[in-house]
A.B. asks: 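Please find one structure pasted underneath; my questions will follow.
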Amino acid sequence: MVFNTMEEARNYYEEYGRQEGFWIRTRSSSKTRRRLDEVTSRQFVCAHEGKYVPKNTSQKASEENDERNLSEIENMKRTGKNCSTVKCGCKASMRIKLDRWSNKWKVSSFQDSHNHKPVTPERRMKMKSNRVMPKAAKILTETFHEENLPIAKVPSILGGPHIGFNNRDCYNHLRNVRHRQLDGGDAQSVLTYFRKKQAENPQICFYAIQCDENGRAANFFWVDARSRMAYHYFGDVVTFDTTYRTNKYDMPFAPFTGVNHHLQSIQFGCALLQDETEVTFLWLFETWLEAMGGRHPVSIITDQDLAMKGAIAKIFPNTRHRLCLWHIKKKFAEKLSHVYFKKSKFKIQMKKCIRSTYKIEEFEEKWKELMKECELANDDWLNSLYDIRSSWVPVYNRDIFFAGMNTTGRSEGINSFFDGFVTPTINLREFVVKYEQALKRIMDRESDEDFESEHKYRIVNEGEFLLKHAAKFYTRNVFNKFKDEWSKVTLYKVEEIPCDNEYHAYLVKTKLGEHEEFVVKLNLQTYKDTLPDHFILPRWRQEANKFRIMDFKSLVTNDGKEESEALRLSHMCHQATKLACIAASSNEAYTTFMEAINELSKKLSDNSTQHATIPSSTIGDPCSTNIDSSQLLLLDPNISQTKGRKKDNISGSKRIKSGIELAQNKKKRKCALCKKIAQHDKRNCPSNLKRRKNESTNLCNEESEDLCQDMESDDQEYC
């Protein structure tokens, strides 16, 4: 037989092996002496050819049968892994040789005798020659991984066990893709990913990377255009938290979280930090403020971190900083365990003092009475809390808008949400990609609620004018919250009291539970059966996210530069994709399309030189010195050494247990010998030591004096 190339010959013999039930491999090749790179012959053999030879076994040891080397081989076999081999000395082969006159490959020898069983037809897909993963399967595997779907389902979708690959091949393909992506390093791959995103659209991605003096990445920050636009409408309240650590470098994940008009959590950007020092927070807040166009939030909620507090005071001097009430309340059980237990009077009274006071004077009076009654006036921790009471007690923050939040629960809820996308050992590039997938999920949820609010109507009883009016403007979730509050009207009774001016005064009292009284004044001249417009905040209206629901044909042109650019970009991409689909049908249409694109590019490049742009990415060192990002090769970050107690679990996504929980979960030790709860066990139990000492004394009397001395010294060391 004659073949044009070696590949053709190999493919032929490989196909022959598939039909006969064996797979092949290349055994040897011969080259000319003049040109060492020119192959003149090659031998293909059955994969069962040859004999298994253990690794690290020299030929000399096998020939001379050296006793020492053989013993080492036996030891290696005993300590090695249990494995198997396919080699059994099969002689089947095919050798091809290059004919210089015709420049073709001819079969010079062919052996078809096998000394093993052929693979049955139903099992031939398991042979190595049949283990081929098609391109479509690779693309589908990568798509499943990006969409956070189970990879093991890909073989089943494409045909089950008879398709030539299994779920292990899918995982191996993802491993190879990951290695290619991280060829230049983890941090460098993130920078390359950000550059690619920014090249596609400079307005979509804002990123900043901070490096140390050695060129090693320290901090990462990025935000997409959708989050920047959301901040324009919903950025009045922000929660910030750094307790989530789920990446291979144990870097704290720091998301800027807000709440939209559906009472859903949304993102305003995020960061991965090397540490939690004030210098790092200063860089992060300055970078985030730059990405948001210099607009400060009205209020921000964080935990009780001194470094974070100092950075917020410097970067956001006019923003109301509120401490998480939940984090403070959970410390009561740790700091005041002797009085703060279940159903204790102090616990009940403290809850009323914090939650049920509506005037500052009332809170301060109840606090002092409670401290005096429980003899806690000299407690240092409570006194320190009282000194910063304006930053965590609700009565001091009733005049500031917080969107109904007083904890960082939304940030921690986002952390739990991200658990479905990332793992504790994920690398930085995969983390960034998974973050984008999570943002898409958040956008889909918001879109679902937009549909529910705009195309479905709330059911309201006749005569409930205020509820009918509220249902026209509020989103579904906000309306339900308003309706729940309105339903509590029946729990109060109203009595009119005299008033001197044009207002009518009413005394509102509770009917059930703890007695509460409120004085409400009403101007009958301005009375209406509808909600006043100034009470309906634009952020709670159904079309509050108009940057998302705006149609392509009705682009806004005077509602802010950033929002208009994003809408125009979306419209242009939509139209350009339509034209590209039409132009791809023929070469003539493609040529016309490209000529028009080139002409349009020249016109736009001439106009773009007249406008200045703001750079949307920065790379700097800890001192905020800019570095040329085109020539920078980032090194991977160090393992983060953050503050706080080390986690008692492997997964970085689980929460840290409090001191009380750790103390309650700690098992008390019980000696198996004396049956007493103590710090010792049966090995060092006092009764066991006494028994061992008596035994050693008897043994000393029977044996030699030297042995007796050795036993006594050992017994002393044991004690």
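Quick caveat: nothing in here was measured; it's all calculated off a predicted structure.
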A.B. asks: Heavy-atom distance under 4.5 Å between the side chains of F473 and D533, does that happen here?
C.D. replies: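 A side-chain contact is absent here, since even the closest heavy-atom pair is not under 4.5 Å.
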A.B. asks: Any chance you could measure K329, atom NZ, to K347, atom NZ, to the nearest 0.5 Å?
C.D. replies: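 Rounded to the nearest 0.5 Å, the NZ-NZ separation comes out at 8.5 Å.
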A.B. asks: Short question: side chain of T510, backbone of E516 - any donor-acceptor pair under 3.5 Å?
C.D. replies: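 Yes, the answer is positive, given that a donor and an acceptor are paired below the 3.5 Å cut-off.
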A.B. asks: Does the side-chain hydrogen bond (donor to acceptor under 3.5 Å, both in side chains) test come out yes or no for S227 and D224, once each step is laid out?
C.D. replies: CA-CA 6 Å; S227 299; D224 64 324; 2.6 Å; yes
A.B. asks: Quick one: CG on L289 to NE2 on H296, what's the gap to the nearest 0.5 Å?
C.D. replies: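 Those atoms lie 4.5 Å apart.
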A.B. asks: Could you check if a side-chain atom of L272 sits within less than 4.5 angstrom of a side-chain atom of P637, using non-hydrogen atoms only?
C.D. replies: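 They are not in contact (no side-chain heavy atoms under 4.5 Å apart), so the answer is no.
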A.B. asks: Return yes when atom CG of N523 has more than 12 non-hydrogen atoms of other residues, nucleotides or ligands closer than 6.0 Å, and no otherwise.
C.D. replies: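 For N523, atom CG is crowded (more than 12 foreign heavy atoms under 6.0 Å).
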A.B. asks: Search all heavy atoms of M251 against all heavy atoms of L273 and return the closest pair with its distance.
C.D. replies: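 The pair with the smallest heavy-atom distance is CB-O, 3.3 Å.
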A.B. asks: Looking at residues at least two apart in the chain, or sitting in another chain, which of them share a side-chain hydrogen bond (donor to acceptor under 3.5 Å, both in side chains) with N406?
C.D. replies: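 side-chain hydrogen bond (donor to acceptor under 3.5 Å, both in side chains) check on N406 returns nothing, list empty.
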A.B. asks: So, do R541 and H261 sit near enough that their side-chain heavy atoms are less than 4.5 Å apart?
C.D. replies: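 Of all side-chain heavy-atom pairs linking H261 with R541, none is under 4.5 Å.
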A.B. asks: Under a 3.5 Å distance rule, please check whether Y231 uses its side chain to pair with a backbone N or O of A291 as donor and acceptor.
C.D. replies: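 It does not hold such a pair.
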A.B. asks: Could you tell me whether the side chain of F281 reaches within less than 4.5 Å of the side chain of I312, counting heavy atoms only?
C.D. replies: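 Not touching, per the 4.5 Å side-chain cut-off.
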A.B. asks: Are any non-hydrogen side-chain atoms of H262 and R445 less than 4.5 angstrom apart?
C.D. replies: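 With C-beta onward as the side chain, the pair stays apart.
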A.B. asks: Looking at the rings of W288 and F240, which for Trp means the six-membered one, are their centres under 6.0 Å apart?
C.D. replies: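 Ring-ring flag for W288/F240: false, centres at least 6.0 Å apart.
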A.B. asks: My understanding is that only residues two or more places apart in sequence, or in another chain, count here; which of them pass side-chain hydrogen bond (donor to acceptor under 3.5 Å, both in side chains) with H469?
C.D. replies: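 With neighbours one apart ignored, the set is empty.
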A.B. asks: Is the backbone N or O of I301 less than 3.5 Å from a side-chain atom of T239, with the two atoms forming a donor-acceptor pair by type?
C.D. replies: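 Here the side-chain-to-backbone pair does not exist.
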A.B. asks: Are any of the side-chain heavy atoms of W381 and K331 separated by less than 4.5 Å?
C.D. replies: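 Side-chain contact under 4.5 Å: yes.
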A.B. asks: Could you tell me which residues satisfy salt bridge (Lys or Arg N to Asp or Glu O under 4.0 Å) with E364, sequence neighbours excluded, listed by chain and number?
C.D. replies: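 Salt bridge (Lys or Arg N to Asp or Glu O under 4.0 Å) check on E364 returns R389.
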A.B. asks: Please determine whether side chain to side chain contact (heavy atoms under 4.5 Å, CB included) holds for the pair H232 and R295, giving the CA-CA distance in whole Å, both sets of side-chain angles, and the decisive distance to 0.1 Å.
C.D. replies: CA-CA 9 Å; H232 179 78; R295 179 187 173 188; 4.2 Å; yes
A.B. asks: Taking the side chain as C-beta and beyond, is there a heavy-atom pair between W392 and I354 under 4.5 Å?
C.D. replies: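 They are in side-chain contact.
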A.B. asks: Grab the two heavy atoms, one from A187 and one from A217, that are nearest each other, plus how far apart they are.
C.D. replies: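 Minimum heavy-atom contact is CB-CB, 3.8 Å.
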A.B. asks: Drop me the distance from M292's CE to R228's CZ, to the nearest 0.5 angstrom.
C.D. replies: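 Spacing of CE (M292) from CZ (R228) equals 7.0 Å.
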A.B. asks: Sequence neighbours left out, what passes salt bridge (Lys or Arg N to Asp or Glu O under 4.0 Å) with E464? Give chain and number order.
C.D. replies: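 With sequence neighbours excluded, E464 shows a salt bridge (Lys or Arg N to Asp or Glu O under 4.0 Å) to no residue whatsoever.
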A.B. asks: Taking T357 for the side chain and C353 for the main chain, is one N or O donor matched with an acceptor at less than 3.5 Å?
C.D. replies: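 Side chain of T357 to backbone of C353: a pair is present.
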A.B. asks: Please check if atom CD1 in I348 has more than 12 non-hydrogen atoms from other residues, nucleotides or ligands closer than 6.0 Å.
C.D. replies: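 For I348, atom CD1 is crowded (more than 12 foreign heavy atoms under 6.0 Å).
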A.B. asks: Could you measure the distance from the CG atom of D450 to the CD atom of E543? Nearest 0.5 Å is fine.
C.D. replies: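 It comes to 9.5 Å.
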A.B. asks: Give the minimum heavy-atom separation between S299 and F401, together with the two atoms involved.
C.D. replies: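 That would be OG-O, 2.9 Å.
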A.B. asks: Identify the two heavy atoms, one from R410 and one from Q264, that lie closest to each other, and give their separation to 0.1 Å.
C.D. replies: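 Closest heavy-atom pair between R410 and Q264: NH1-C, 3.7 Å.
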A.B. asks: Strictly by side-chain hydrogen bond (donor to acceptor under 3.5 Å, both in side chains), give each pair with a member in residues 310-323 just once, sequence neighbours left out.
C.D. replies: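 For residues 310-323: E278-K314, T302-H321, R320-N397.
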A.B. asks: Looking only at non-hydrogen atoms, find the nearest pair between L323 and I328 and report the distance.
C.D. replies: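 The pair with the smallest heavy-atom distance is CB-CD1, 4.1 Å.
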A.B. asks: With sequence neighbours excluded, tell me which residues meet side-chain contact (heavy atoms from CB on, under 4.5 Å) with L507.
C.D. replies: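 Counting only residues at least two positions away or on another chain, L507 forms a side-chain contact (heavy atoms from CB on, under 4.5 Å) with E495, I497, K509, E517, V519.
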A.B. asks: In a check of ring-ring contact (aromatic ring centres under 6.0 Å, His included) between Y435 and each of W222, Y207, Y193, which one passes?
C.D. replies: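 Single ring-ring contact (aromatic ring centres under 6.0 Å, His included) partner of Y435 among W222, Y207, Y193: W222.
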A.B. asks: Do L439 and R226 pass the side chain to side chain contact (heavy atoms under 4.5 Å, CB included) test, and can you show the C-alpha distance, the side-chain angles, and the key distance before you say yes or no?
C.D. replies: CA-CA 9 Å; L439 286 185; R226 174 61 174 75; over 6 Å; no
A.B. asks: For the residue pair E449 and L263, establish whether any side-chain heavy-atom pair is separated by less than 4.5 Å.
C.D. replies: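 No, too far: nothing below the 4.5 Å cut-off.
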A.B. asks: What residues form a salt bridge (Lys or Arg N to Asp or Glu O under 4.0 Å) with E373, not counting sequence neighbours?
C.D. replies: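 Once residues adjacent in sequence are excluded, the partners of E373 under the salt bridge (Lys or Arg N to Asp or Glu O under 4.0 Å) criterion are K345.
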A.B. asks: To the nearest 0.5 Å, tell me how far K468 NZ sits from N461 CG.
C.D. replies: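 It is 9.0 Å, given to the nearest 0.5 Å.
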A.B. asks: Would the distance check show the side chain of K511 and the main-chain N or O of T490 forming a donor-acceptor pair, the cut-off being under 3.5 Å?
C.D. replies: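 Side chain of K511 to backbone of T490: a pair is present.
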A.B. asks: Taking NZ, NE, NH1 and NH2 as the nitrogens, is one of them in K488 or E485 under 4.0 Å from a carboxylate oxygen of the other?
C.D. replies: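 Salt bridge between K488 and E485, a charged N being under 4.0 Å from a carboxylate O: yes.
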A.B. asks: Give the intermediate values and the outcome of ring pair (Phe, Tyr, Trp, His ring centres under 6.0 Å) for residues W486 and F479.
C.D. replies: CA-CA 10 Å; W486 179 255; F479 171 77; over 10 Å; no
A.B. asks: When you measure from the side chain of S453 to the backbone N and O of Q542, does any donor-acceptor pair fall under 3.5 Å?
C.D. replies: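 No, S453 side chain to Q542 backbone: no donor-acceptor pair under 3.5 Å.
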A.B. asks: Do other residues, nucleotides or ligands put more than 12 heavy atoms under 6.0 Å from the NZ atom of K366?
C.D. replies: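 Counting neighbours around NZ of K366, more than 12 heavy atoms of other residues, nucleotides or ligands fall under 6.0 Å, so yes.
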A.B. asks: Using the ring-ring contact (aromatic ring centres under 6.0 Å, His included) rule, collect all pairs that involve residues 344-366, keeping only residues at least two apart or in two chains.
C.D. replies: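 Every ring-ring contact (aromatic ring centres under 6.0 Å, His included) pair that includes a residue of residues 344-366, provided the two are not neighbours, is Y358-F518, F363-W367, F363-Y396.
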A.B. asks: According to side-chain contact (heavy atoms from CB on, under 4.5 Å), who are the partners of H338, at least two apart in sequence or on a separate chain?
C.D. replies: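 Partners of H338 under the side-chain contact (heavy atoms from CB on, under 4.5 Å) test: L336, L376.
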A.B. asks: Is it the case that atom CG in D387 sees more than 12 heavy atoms from other parts of the structure closer than 6.0 Å?
C.D. replies: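 Yes.
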A.B. asks: May I ask you to decide if the ring planes of F482 and Y474 are parallel, tilted or perpendicular, using 30° and 60° as cut-offs?
C.D. replies: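 Answer is tilted, since the angle falls between 30° and 60°.
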A.B. asks: CD1 of I536 to NE2 of H534: how many Å apart, nearest 0.5 Å?
C.D. replies: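 So the gap between those two atoms works out to 10.0 Å.
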A.B. asks: List for me each residue that meets ring-ring contact (aromatic ring centres under 6.0 Å, His included) alongside F220, sequence neighbours excluded, and say none if there are none.
C.D. replies: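 With sequence neighbours excluded, F220 shows a ring-ring contact (aromatic ring centres under 6.0 Å, His included) to no residue whatsoever.
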A.B. asks: Assess the residue pair D241 and T243 against the criterion (side-chain hydrogen bond (donor to acceptor under 3.5 Å, both in side chains)); give the C-alpha distance rounded to whole Å, side-chain angles, the decisive distance to 0.1 Å, and a yes or no.
C.D. replies: CA-CA 6 Å; D241 182 73; T243 59; 2.5 Å; yes
A.B. asks: List the residues meeting salt bridge (Lys or Arg N to Asp or Glu O under 4.0 Å) with R539, not counting sequence neighbours, and say none if there are none.
C.D. replies: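 Once residues adjacent in sequence are excluded, the partners of R539 under the salt bridge (Lys or Arg N to Asp or Glu O under 4.0 Å) criterion are D236.
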A.B. asks: Run the side-chain hydrogen bond (donor to acceptor under 3.5 Å, both in side chains) test against E452 and tell me which residues pass, sequence neighbours left out.
C.D. replies: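 So E452 forms a side-chain hydrogen bond (donor to acceptor under 3.5 Å, both in side chains) with K456.
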A.B. asks: Q267 and T257: which non-hydrogen atoms are nearest, and at how many Å?
C.D. replies: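 Distance-wise, the nearest heavy atoms are NE2-OG1, 3.2 Å.
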